[in-house]
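Take a look at the structure set out below.
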Amino acid sequence: MAGELCLLLLLFCGSTISEVQPIYKPPPGTLDFGFVPAKTYDTGAYHEPGAIGILFKIVHAFLYLVQPNTFPQDLIRKLAQQQFGNTQGDYQKPENVVLTLQAIYYEIGFIVSAALGLLFILLLPLVGLCFCMCRCCDNCGGEMHQRQKKNADCQRSCFATFLFVASLIISVGVLCAYAANQHLTNQVRGAKKLVNSNFKDLKIFLNDTPAQIDYLVNQYNTTKDKALSDLNNVGPVLGSRVQEQLGKEVRPALDAALTMAGAIRETKEALENVSVSVEVLQEGTERLHANLTDVKMHLSNTLNDSACNAAQAASTCNIIRNSLAQLNINANFSGLPGVSSQLAKINDVLKIDLSSLVQKGYAAFNDTPDLVVNQTRNILSDIKSVLESIGSNITTFTRALPVQKILADLMVHLTQSEAYVQDYFPLVEQYDFYRWLGCLILCCMLVLILVFYYLGLLCGTCGYDKHASPTTRGCISNTGGNFLMAGVGFSFLFSWVLMIVVVLTFVTGGNVEKLVCEPFEDKNLFKVLDTPYLLNKHWKNYLAGIIFKNPNVNLTFEKVYSDCKENKGIYTSLHLEYLFNINELLNISMYTEDVALKIEHIQINLSKIILLDEIGKENLLNFSSSGIDGIDFSAYLTEINKSVTKVDLLSFANDLEARADQLPKGALENALKGHANNIRMIHNQQVVPLEQAMSTLNQSIRLLKRTSSELMVKVKNVISAVNAAQDLINNNASQVIVQETKKYMDTIIGYFEQYTEWVKESISMEVAACKPIANVIDTAVDIFLCSYIADSVNTFWFGLGGSSMFLIPAIIFAVKLSKYYRRMDTEDVYDDTENGNNGYHKEHLYGIHNPVFTSSVEQW
């Protein structure tokens, strides 16, 4: 009942999943749904044994030596599926005989070991009985007579050493057994905390699931709010997308028209600069020509002075006189054509503000988002209603689920189970105390034997006097020998009891380790359980048959355990989709289809957008026919490339002044220097302004030349681009609008797909994460059965069995050694070698009787 309710609860956890088949995967804005609330589970299903873990590993290694075969999956499957004993002669069937032989082959290590143990159990008491009866007849070392040997001291030392080593090994085995016994008791006492931790995690598992479901449902609001936000901003979102697509052709066309409007203004400024510069240059060159003529005349008069006829000045004056021809203008601007007609046409063109017309086109195009808002207002209200209905349906459906009732029933069952465990746990501890006490008694049996052996070694070694004869040995030495024989007696009494316990625990614990613990660790045990028709001959998959009543569903123990171990959601782990058809109960795709249908009905008309009217286009044509391409640019550039004067006036003035310095001091020298200063003044006042005017004229003419180059073609291209963009808006914008509307629709639907995928992922990995179930299995099998019980039991029989086996050499050495410690009744008497008796005589001839009373213990 509890299992079915748990499955139903976890089944309803997936109620918000919708398997929408996406048509288009746009890159919508990523939604942040946060993290599904989940508490941390306390149980750590891992056991660290501590220092005793070394013993566990040694025992595991020993078991591997006994049973090195791999886990027999196929054999166990066949044995489980084979029916023995239903009819007479089943065991004689060939296939059953083969299976039996295979099982024996697999268990051969345990069988041989157990057989040796049984031989120990049967033979040792029998040997002990025979040994006792033999000694009672003064045989088997029972006679109180010791023959003297030369190597007696060496033999005594060897026997004592061997017995001590055997006792040490037995002591180690006892300690191992005691440690394992105490470890199991300690773990049982501490198991209550681990059990409570598992119950606590299961309660968290149940209590946390409704909150997780509510969180998934509430996160629909995140999706809805994002979709509503985009719908409320349909202008900036859809309108901007439409505008962006149309703008790929519209904006370059408007930019070209706006650039042409700027070119018109620049052309006007250039024509004005050309007109002004030509006028300035014409007037300036006339004045410069007149001034240079005056300078030449005055210089010529100065050079005609009689002072130039002197021998020292004649050559200098002739040089100056010959250079006067250079004082003349070089460029002639009087013949350049005017640009007044072109300027007048450009001024007529500029009467219409083309830039303003283009800006109106920009403004009309930029109003696209507002047009989208105004034309989609009614449709958006319908879409918002659909989104609200989706949220209300999810909420209504979730509230209709009987989650609280199922949780309450599960909690009742869990509480009852916990109370049952709590009630019976003291009984478990009580039985464990009895077990601990019994194991302790077994250890005490060995301890009692060891006490006799150690006391015998101690008393015998300390009380031994090598100068004393066998009949005169001291009381301490004799007591040591008696202790050794007492240890031998108790060894015969207890060894078979110890070996019975060892064999039983060895066969049980060893097979639990090899057939349960090891295959559980590598999951081979689950593979056996998942064998079709194994647990139920009519069901292919047993777990699926239990949960779904449909054994054909591929649900395995191994997959469920592995998924829960990874803390996945139980919806995924148990494949609860086979019980709960989410698409039929909550199909969000139906709503997204309504949303998509309404978005597809969005119709946007952009025919009101006028990029550039006919007046603007006519204005552009008038600019192209303004005649600036008819200007004689070569005539202008020819004169512009000339210098203002034939000679640099500053250089001429400096040269004139230098030559004046070569003349004798006097009026001629001063007159020439005065003319040089006058030339410098003419350069500064007239030539420099003319050069600046020529630079302005050069820039304007070159600008006009670039502008006029293929002007008609450029204007036609601009008008064609504007017409093409306008045609796109008027005739082909619907295609762009449909395309962008599709993308906008996919973005809105993409939010639902994100929500759906997030819900799927959350249901799979986070909601009702079944880690506590895997922890319960690990706690029961891996920790309780294997780590606590099997390892402790195996270590106990390993220590106890090793000690029991070493009782055999201990018995032999103790019997041999006791002869050297106990006081004998008779002893050998030596005489001279010539008597021919080789150092000893027969007891009845030369034996000396020991007057000390021989006790019943000495008869051993």
Side-chain angles (χ1 to χ4, degrees), residues 43-67 113 168-198 421 424-448 450 497-518 520-521 775-806:
T43 303
Y46 175 76
H47 174 64
E48 182 61 44
I52 199 173
I54 299 175
L55 294 178
F56 293 166
K57 292 180 180 179
I58 295 174
V59 174
H60 291 165
F62 177 78
L63 285 175
Y64 178 78
L65 292 176
V66 174
Q67 175 56 282
S113 300
L168 286 180
I169 295 175
I170 296 172
S171 300
V172 172
V174 172
L175 290 177
C176 291
Y178 177 79
N181 183 39
Q182 191 63 38
H183 178 266
L184 178 56
T185 297
N186 293 338
Q187 299 307 321
V188 170
R189 292 175 181 174
K192 188 174 184 179
K193 180 179 179 181
L194 186 58
V195 171
N196 293 336
S197 176
N198 277 276
V421 172
Y424 278 88
F425 201 83
L427 185 62
V428 172
E429 290 182 335
Q430 182 179 0
Y431 284 138
D432 178 72
F433 172 75
Y434 296 151
R435 179 209 56 80
W436 174 84
L437 187 60
C439 294
L440 185 63
I441 292 173
L442 295 176
C443 293
C444 289
M445 291 180 180
L446 287 171
V447 170
L448 179 62
L450 287 173
V497 177
L498 297 174
M499 188 55 65
I500 289 175
V501 176
V502 169
V503 171
L504 293 177
T505 53
F506 165 72
V507 174
T508 304
N511 279 286
V512 168
E513 175 67 27
K514 301 299 289 188
L515 296 177
V516 178
C517 298
E518 290 184 2
F520 177 81
E521 185 176 357
N775 286 343
V776 169
I777 297 174
D778 288 339
T779 299
V781 180
D782 188 42
I783 296 180
F784 282 171
L785 178 60
C786 296
S787 296
Y788 288 0
I789 299 176
D791 283 344
S792 298
V793 169
N794 289 334
T795 304
F796 179 78
W797 65 250
F798 182 76
L800 201 66
S803 299
S804 300
M805 293 302 297
F806 275 92

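For the single chain, residues carry numbers from 1 onward in sequence order. Computed from a predicted structure; not experimentally measured.
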State whether the side chain of [X] and the backbone N or O of [Y] hold a donor-acceptor pair below 3.5 Å, judged by distance alone.
X      : Y      : result
Asn181 : Ala177 : no
Asn196 : Lys192 : yes
Ser792 : Tyr788 : yes

To the nearest 0.5 Å, what is the distance between [atom1] ([X]) and [atom2] ([Y])?
X      : Y      : atom1 : atom2 : answer
Met499 : Phe506 : CE    : CZ    : 11.0 Å
Ile777 : Asn198 : CD1   : CG    : 11.0 Å
Phe62  : Thr795 : CZ    : OG1   : 12.0 Å
Asn794 : Leu55  : CG    : CG    : 12.0 Å
Leu800 : Tyr178 : CG    : OH    : 14.5 Å
Met445 : Leu440 : CE    : CG    : 11.0 Å

_Derivation of the side chain to side chain contact (heavy atoms under 4.5 Å, CB included) call for Thr185 and Arg435_ = CA-CA 9 Å; Thr185 297; Arg435 179 209 56 80; 2.8 Å; yes
Looking only at non-hydrogen atoms, find the nearest pair between [X] and [Y] and report the distance.
X      : Y      : result
Val501 : Thr505 : O-OG1, 2.7 Å
Ala179 : Ile52  : O-CD1, 3.7 Å
His183 : Pro49  : NE2-O, 4.2 Å
Ser171 : Leu450 : OG-CD1, 3.5 Å

Are the side chains of [Y] and [X] in contact, using a 4.5 Å heavy-atom criterion?
X      : Y      : value
Cys443 : Phe796 : yes
Glu521 : Cys517 : no
Ile58  : Phe798 : yes
Phe784 : Val195 : yes

_CG/Leu427: more than 12 non-hydrogen atoms of other groups inside 6.0 Å_ =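 Yes, enclosed.
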*What do you reckon, is CZ of Phe806 surrounded by more than 12 foreign heavy atoms closer than 6.0 Å?*
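Not buried by this count: 12 neighbours or fewer within 6.0 Å.
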*Passes side chain to side chain contact (heavy atoms under 4.5 Å, CB included), Trp797 versus Val507? Steps please.*
CA-CA 10 Å; Trp797 65 250; Val507 174; over 6 Å; no
*Let me see the working for His60 and Asp791 under side-chain hydrogen bond (donor to acceptor under 3.5 Å, both in side chains), right down to the final yes or no.*
CA-CA 9 Å; His60 291 165; Asp791 283 344; 3.0 Å; yes
_Does Thr508 form a side chain to side chain contact (heavy atoms under 4.5 Å, CB included) with Val793? I'd like the steps, not just the answer._
CA-CA 9 Å; Thr508 304; Val793 169; over 6 Å; no
